[in-house]
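Step one of this worksheet: look at the structure below.
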2 protein chains.
Amino acid sequence: MRLSRAGEYAVRCMLYLSMAGKGVLVSRKIVAREMEIPEQFLGKIAQQLARAGFMEIVQGAKGGFRLMVSPENLTLLAVIEAVIGEIFLNDCVLRPESCHRSPDCKVHRVWADARDCFRESLRKATFASLTTS
Amino acid sequence: MRLSRAGEYAVRCMLYLSMAGKGVLVSRKIVAREMEIPEQFLGKIAQQLARAGFMEIVQGAKGGFRLMVSPENLTLLAVIEAVIGEIFLNDCVLRPESCHRSPDCKVHRVWADARDCFRESLRKATFASLTTS
DNA sequence: ATAAACAAGATCGTATTTATCCTGTTTATA
DNA sequence: TATAAACAGGATAAATACGATCTTGTTTAT
Ligand code: SF4
Ligand code: SF4
């Protein structure tokens with residue numbers, strides 16, 4: 001039960017962009033080198049982050065990435081779920097019909113609570129708080 | 001980011017044994033059929049649960065599984081970590097040396113907090129509370 | 001026109017997960 | 001004590017997920 005590499009890379013990428021500042025253009029190559037992320041792989045991850053509206057990708061010579069939101073409004077939860085999907089822990093939490101026991105299963109609720117508590121921890125962490133020393 | 005099948009099966013198995021009662025012998029075949037777990041796979045999972053001390057496996061004709069602890073003292077966290085290993089979410093939480101940024105990385109602490117909160121939710125759920133209607 | 005830089009789909013290798021097979025051992029009981 | 005029920009445990013296989021890269025194409029500054 002662990003975060004994927006892609007999730008960790010996404011966080012690092014957004015950390016770099018947050019430190020550079022909102023709206024500042026940084027080339028993919030720089031982000032990849034500084035944050036030690038395989039550049040092509042970063043390309044894939046960036047597309048998801050861009051689709052989620054957190055960054056903009058600028059094509060062409062002198063292209064790169066640009067943070068589109070304020071670090072104060074960007075949470076760890078949002079970034080992570082943008083790349084690894086919604087955190088649900090157990091199938092039955094998201095799709096109760098996946099298990100015929102779900103109507104009277106008490107484990108169900110524990111998963112939901114654990115998931116909520118977990119997600120709340122990640123939601124409280126903004127990139128503004130993560131980049132200030 | 002989801003629990004594995006094995007983890008879910010382990011929970012179901014212990015749920016059944018808890019309902020049967022501490023010390024009561026139930027055959028593997030019955031548990032597998034009632035809880036809809038592939039019987040051979042359950043065999044593997046049971047070995048881990050037995051190694052953790054939660055159940056005893058009785059060989060021979062009329063053999064089976066037997067709950068060795070009181071459902072009040074058995075938590076969801078213990079059962080799950082017995083089969084899927086300790087929950088740590090991100091490598092650097094368990095092994096800070098896996099990332100040279102860890103000394104001054106603030107994301108680090110968020111992961112640790114989220115993990116603690118998550119594990120605490122699972123620790124609070126005992127099988128006694130899960131099996132009483 | 002050229003070269004820098006990103007897009008996007010295909011692909012590949014590896015690790016993990018899930019499940020089963022097979023041979024052997026244990027044990028109740030007939 | 002022979003037999004069959006029942007679990008052990010190693011090997012193996014299939015499916016899936018993950019991490020990463022390749023290739024071709026498009027965009028854009030100069
Ligand atoms: S048994 Fe309960 S926890 Fe497990 S999948 Fe079904 S509803 Fe969910
Ligand atoms: S950058 Fe921070 S959160 Fe990511 S692996 Fe390194 S120490 Fe952990």
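Values below: all heavy atoms of this structure, side chains included; hydrogens, waters and symmetry mates excluded.
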*asked:* Tell me which residues in residues 8-17 of chain A lie within less than 4.0 Å of DNA chain D, going by non-hydrogen atoms.
replied: A:Y9
Which atom pairs, one a donor and one an acceptor, fall under 3.5 Å between side chains of residues 37-56 of chain A and the rest of the protein, sequence neighbours left out?
{"residue": "A:E39", "atom": "OE2", "partner": "A:R28", "partner atom": "NE", "Å": "3.3"}
{"residue": "A:E56", "atom": "OE1", "partner": "A:R66", "partner atom": "NH1", "Å": "2.9"}

*Mind checking what makes side chain to side chain donor-acceptor pair (under 3.5 Å) contact with B:E81, not counting sequence neighbours?*
B:R119
*Under 4.0 Å between a Lys/Arg side-chain N and an Asp/Glu carboxylate O for A:K22 and A:E72?*
no
*Under 4.0 Å protein heavy-atom contacts per nucleotide of nucleotides 12-18 of chain D, with B for base, S for backbone only and - for none*: -------
*Expressed in angstrom and rounded to an integer, what is the separation of A:F41 atom CZ from C:dG13 atom P?*
17 Å
*asked:* Pairing check on C:dA5: which nucleotide meets the Watson-Crick or G-U wobble criteria with it, both distances under 3.5 Å?
replied: D:dT26
_Criterion salt bridge (charged side-chain N to carboxylate O under 4.0 Å, His left out) on B:E86 and B:R115, from CA distance to verdict_ = CA-CA 10 Å; B:E86 190 180 344; B:R115 162 180 172 276; 2.7 Å; yes
_I need a per-nucleotide contact map over nucleotides 2-10 of chain C, read 5' to 3'. Cutoff is protein heavy atoms under 4.0 Å; write B for the base, S for backbone only, - otherwise._
--BSBSBBB
*Going by number, which of residues 78-94 of chain A have a non-hydrogen atom under 4.0 Å from DNA chain D?*
none
_Pairing residues for B:N73 by the side chain to side chain donor-acceptor pair (under 3.5 Å) criterion, not counting sequence neighbours_ = none
_Joint hydrophobic cluster, A:M68 plus A:L74, side-chain heavy atoms closer than 4.5 Å_ = no
*Can you pull the disulfide bond (SG atoms under 2.5 Å apart) pairs that have at least one residue in residues 99-133 of chain A, sequence neighbours excluded?*
A:C117-B:C117
*asked:* Could you work out, with side chain to side chain donor-acceptor pair (under 3.5 Å) as the rule, every residue matching A:R5, not counting sequence neighbours?
replied: none
*Report the distance from atom CD of B:Q48 to atom P of C:dT17, rounded to the nearest whole Å.*
11 Å
_Which residues share a ring-ring contact (aromatic ring centres under 6.0 Å, His included) with B:Y16, sequence neighbours left out_ = none
*Taking side chain as C-beta onward, heavy atoms only, is B:V26 less than 4.5 Å from B:L17?*
yes
*For A:R95, check side chain to side chain donor-acceptor pair (under 3.5 Å) against everything at least two apart and list the hits.*
none
*Is there any ring-ring contact (aromatic ring centres under 6.0 Å, His included) pair reaching into residues 104-133 of chain B, and which pairs are they, with sequence neighbours excluded?*
A:F118-B:F118
*Hey, are A:E120 and A:K124 close enough for a salt bridge, meaning a charged N less than 4.0 Å from a carboxylate O?*
no
*Let me know the distance between CD1 of A:I37 and P of D:dG19, rounded to the nearest Å.*
13 Å
